[in-house]
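Note sheet for the following structure.
Only heavy atoms go into these numbers, but all of them, side chains included; no hydrogens, no water, no symmetry mates. Atoms within each ligand, like the ligands themselves, are counted from 1 in listed order.
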Amino acid sequence: MNPISDKKFPWITRNRYLIAGPCSIEHYDQAMSTAGFLSGLPQMAIYRAGVWKPRTRPGQFEGLGEKALPWLQEIQKKYNLPVAVEVAQAGHVEKALDAGMDVLWLGARTVVNPFSVQEIAGALKDNPVPVMVKNPVNPDINLWTGALERLINAGVPAVAAIHRGFYFFEESPLRNAPMWEIPIELKRRFPDIPVVCDPSHICGSTENIPEIAQKALDLEMEGLMIEVHPEPGKAITDAAQQLSFEELTSILGRLKIRDVNAKEQHSNRLDRLRLEIDKIDTELLEILTRRMEIIREIGLYKKKHNITILQSGRFREMISNRLERAEKYKLERSFLLKLLQQVHKESVRLQQEILKDDSSQKNE
Ligand code: PEP
Ligand code: MN
């Protein structure tokens, strides 16, 4: 069993996988009509709403604060929905717990700061409720899992991770880079912590939400956190990415929920194909080992004859020669480039070790 947590997050199941609600609560009618609509969806698990909003620049709408908490209590009772709010300070936790909020979540800007996370964990100690933790803004998996650990150590009964993408500098149609390998690695390290994907904050607009949501489900993520607003164009925060009721209904109708566990009828065929993959991976490992053995020999030669590790002309030639063959081998160029760069990086590291190590020369 994983050392971090063996407790499943309540409410999220295979069929009820949706955490949805407005980015921020702006007024009573908006909070209520959104809850009324969402409570009718069979996929609905938890109502999310921002009450304390972290804003990038001062002077912007920072949420209604505790004034909105009684409305959330009303939603719990009237629509029988568990509710989740974002907390960023111990004071928020106290107010949210006093108001009987079912779930709390930590935002991406809070998770970057271990002092804030520890303060929140401390405030939860006497009265813990389930907590969801967004990934930090920067792609640092240890910061993300570190926040989960701080909460579990404080006695939080169940945690979930929310994948909302990572800040990146380049122009892109997405607001935040998904970097899927990071949540996948989190799942590998902590198989018992459910991962929920937040396509709204990854996309930053409504356009790519269906594709990102489907990909998340196909990558075995347990839930989706999606922002909805009765009139997205008039939303005070994150207007471009909030879905209208109709848009959300249409997206949910088109999402494919695929089998997580391959059933009997698939298992023979899948087992056979997986066996082939296992064999090919063994061959790949053997080939890599052979390559690295030659790299070591070259390293020893370079050391003896005082030649630099990096011969950039040779590196360029090697990359372009391999990339020219990408099409023939039906391999995506960008994938092949990344693979060759990784292999080369490891080769350089090996040779650096050889050049550092005086004993290798004596052994020659
Ligand atoms: C939010 O969920 O509205 C929010 C502020 O998200 P994030 O912390 O991912 O930026
Ligand atoms: Mn938002």
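Within the structure, ligand 1 has Cys23 among the residues with a heavy atom less than 4.0 angstrom away.
A side-chain N or O of Glu74 and one of Tyr28 form a donor-acceptor pair less than 3.5 Å apart. Judged purely by distance below 3.5 Å, without hydrogens or angles, the side chains of Asn15 and Gln43 never pair a donor atom with an acceptor atom. Residues Arg316 and Ser312 have side chains that never bring a donor and an acceptor to within less than 3.5 angstrom of each other. Donor-acceptor pairing under 3.5 Å is recorded for the side chains of Thr237 and Ser24.
In the vicinity of Arg109, heavy-atom distances shorter than 4.0 Å reach the ligand 1 atoms 10 (O). Heavy-atom contacts of Lys53 reach the following atoms of ligand 1: 1 (C), 3 (O), 5 (C) (cutoff under 4.0 Å). Residue-ligand proximity, Glu86 to ligand 1, at heavy-atom distances under 4.0 Å covers atoms 4 (C), 5 (C).
Remark: among candidates Arg164, Lys134, Arg48, the nearest residue to atom 6 (O) of ligand 1 is Lys134, based on non-hydrogen atoms.
Protein heavy atom nearest atom 4 (C) of ligand 1, with residue, atom name and distance: His201 NE2, 3.4 Å. For atom 8 (O) of ligand 1, the closest heavy atom belonging to the protein is Ala108 N, 2.8 Å.
Among the heteroatoms counted here (N, O or S) of Asp238, OD2 is the one nearest to the Mn ion (ligand 2). As for Glu227, its N/O/S atom nearest the Mn ion (ligand 2) is the one called OE2.
The shortest N or O to N or O distance between Gly107 and ligand 1 is not under 3.5 Å.
The backbone N or O of Ile307 sits nowhere less than 3.5 Å from a side-chain atom of His305 that would complete a donor-acceptor pair.
The NE2 atom of His344 sits 8.5 Å away from atom CZ of Arg314, with the distance rounded to the nearest 0.5 Å.
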Before you tell me yes or no, could you show the steps for Gln241 and Glu227 under side-chain contact (heavy atoms from CB on, under 4.5 Å), namely the whole-Å CA-CA distance, both residues' side-chain angles and the distance that decides it to 0.1 Å?
CA-CA 7 Å; Gln241 72 194 30; Glu227 290 184 341; 2.8 Å; yes

